[in-house]
Amino acid sequence: MSSLALGLRRILAKPWVWAYIAAAGAWLATVVFTSGQAGPGLATAALKFASFSTLVAIGQMFVITLGPGNIDLSIPSTMVLAGTVAIRVMDGDPNVIPIGLVLTILVGLAVGTFNFSLIRLLSIPPIIATLSSQFIILSLAIVLNRGLRIKPPDILGDFPGSLVPVLGFPVLAILVIALAIVMHVVLHRTVYGRSVTAIGQSERAAHLAGLRVQRVRFTAYLASAVLAATAGLLLASFSGGTALDMGDPYLLTSIAVVVIGGTSVAGGEGNVPGLWGAALFLFLLSAMLDTFGVGEGVKQIMTGLIVILVIVVASFRKAPAS
Amino acid sequence: VSQATASPGRIAGPDLRRLVRALVPFLSLIVILGAIFWIQPRSMSAFGLDLLLRLVVPLAFATLAQLCVMTVNDLDLSIGMFIGVTSGISATLLVQQPVLGVLALAGCVVVYGALGALIHLRNLPSIVVTLGMSFVWLGVAITLLPSPGGEAPQWLRSFMSMKLDIPSPIIMLVVIALVAHIGLMWSPYGAVLRGVGGNSRAVRRAGWSLLKAKVTMYTLAGLCGVLAGMTLLGLSGAADARAGDRYTLLSIAAVILGGGEFVGGRVSPIGAVVGATTIWLAANSLLSVLKLPPEWQIGAIGVILIAVLALRWLVGRLGRAS
């Protein structure tokens, strides 16, 4: 009995548990309110949409974990550029899909390299570097997009929304869960992941300990851009073409998901499981407020207050240890 | 670095570098203004300057709000949305029920101060708190003004379109910059406030209240946000909940262009106002007189930002090498 209580307490002490509890609470409230009608459909929708935000948040998490000042503001425009380039090259032809995928990755690598060269070569703070590059990337996307909404090849268009036959579980969610598990292992069990955490705790100490600080930072920005590009292609396929504003919500979402998920904003402490919980929670919260019939304004206010509440509660949880 | 310490210019070096660094924002402004005058000679008149610089006034206030927060090593991601709220209140409540309108605006400033207290007392990351607040402010603005509308108070409109011998925006910008500069750079308490960003422990040991300093800076930021919203409304005549969106990122960029830094309490109010003017002219006037296609205009903002930062980096290097 006491070991059970101890185990429970240990689980509750994990920073990411609360995101899942909150997500479950929002889901339950919606289901009760709709007298059980929304249940399975809502869960499926939540898994689908949370896949996109988790995908970009994984990259943002690695960048933020690098320590104070590290942040990637270019995620939305990278999503749009990758979606534009890939969908345009594929032009609805399923045979060209491999080329589209390669181009998506290349866009990600190019953006990541550009961002980091600004940060490194010109010593521009990451927030300003990615803010500036974001303008350039978006401009490129607008020029290439030309307001045409090209349809993705059918196979690719159907993929993000597809379900596993019997279980009814979204395929995309399974892949992103698998990716999250891999990234969790990378963060906590590999030299690379430990280096990211170490740099976040003290860049100087990490450097003195012989870590290749700049190389590790570079790969984190690369990872963020490549994941954003991938998410962009998937989102564009899912919504039947690239929209120039499709990335906009993902800037704030990626940061909010990272923070609610229990990653330290000051860096040095990443958390992967929490990303899924937080992404689910943010989607379910908005769905819950929608079914309650509150207006757009109240929805925004509630979302903002909850983000602040989470960070305040987290500060009380950390307090006794210090 | 070792060369610099050995050189005879050791004492004069940092002063010279600081001077050159302080000149970079002015240099950038002169280049941009020069380019505009060269391409469009007609803008070099009182009327032309009035048109060019009018919309800089709200951005200058937004930039000073950002500068207040950055002085104490924080960052405000909500200022743009806050401007949407304050201009919304000014276009509705302030016209219909002036007393209530003034109280509402004062309430907004108090909320800003309270956020400073919350961030300080719980040692919260300002990025996350203000990120949450950006949702809250947007929600408030949408609730207040579901669709663009309202009406600027007559006195505000006539104040903003005042015709004087010297174009009124120039007078306003100079006054704003001087008041902020005297308050923050010359006044004794201003030094304390900047010290909080530089070395908060030393400031506390010297007997100053860090809480009071943070609340002061956030309150001033709120006040500047109110003035930004009002001046924006006075120029545009009607309010839009999302009118302030772009000011968040532009204000950060303007502070940095003006020679400010993210940490260390190193800011320059005059530089920031010059930075705001530069970035506004670059983003709007220069690009339209260059007849650049609109899709490249966004990208050009990024290029200009990077160019100015590269210039600053170069100046920093040259200063170190001499």
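A note on names: the letters A, B, ... follow the listed sequences, proteins ahead of strands, and every chain is numbered from 1.
Closest of all the heavy-atom pairs between Pro125(B) and Val265(A) is CG-CG2, 3.7 Å.
You'll find the side chain of Phe135(B) reaches within 4.5 Å of the side chain of Leu252(A), heavy atoms only. Val136(B) is not listed as a side-chain neighbour of Gln300(A), based on a closest heavy-atom distance of 4.5 Å or more.
Partners of Gln201(A) by side-chain hydrogen bond (donor to acceptor under 3.5 Å, both in side chains), not counting sequence neighbours: none found.
Per-residue heavy-atom pair counts under 4.5 Å with chain B were compared for Leu73(A), Ile127(A), Val298(A), and the maximum is reached by Ile127(A). Per-residue counts of heavy-atom pairs under 4.5 Å with chain B were compared for Val258(A), Leu121(A), Ile71(A); the largest is that of Leu121(A). The most heavy-atom pairs under 4.5 Å with chain A, out of Val128(B), Thr143(B), Ile142(B), come from Val128(B). In terms of heavy-atom pairs under 4.5 Å with chain A, the best-connected choice from Leu118(B), Leu131(B), Val129(B), Leu309(B) is Leu131(B).
Using a 4.5 Å cut-off between heavy atoms, Ile311(A) touches chain B through backbone and side chain atoms alike. For Leu75(B), the part sitting under 4.5 Å from any heavy atom of chain A is the side chain, from C-beta outward, and nothing else. For a residue to count as touching a neighbouring chain, one of its non-hydrogen atoms must lie under 4.5 Å from one of that chain's; by this rule Ile304(B) does not touch chain A. For Leu305(A), the parts lying under 4.5 angstrom from a heavy atom of chain B are both the backbone and the side chain. For chain A, the nearby parts of Ile252(B) are the backbone and the side chain; heavy atoms of each come within less than 4.5 Å. Residue Ser78(B): no heavy atom, backbone or side chain, is found under 4.5 Å from chain A. Heavy atoms closer than 4.5 Å to chain A are found in both the backbone and the side chain of Leu249(B).
For residues 135-142 of chain A, a heavy-atom distance under 4.5 Å to chain B picks out Phe135(A), Ile136(A), Leu138(A), Ser139(A), Leu140(A), Ile142(A), given by residue number.
Here the straight-line distance linking atom CD1 of Ile256(B) with atom CD1 of Ile128(A) works out to 4.5 Å at 0.5 Å rounding. For the atom pair Ile306(B) CD1 and Leu122(A) CG, the distance stands at 8.0 Å (nearest 0.5 Å).
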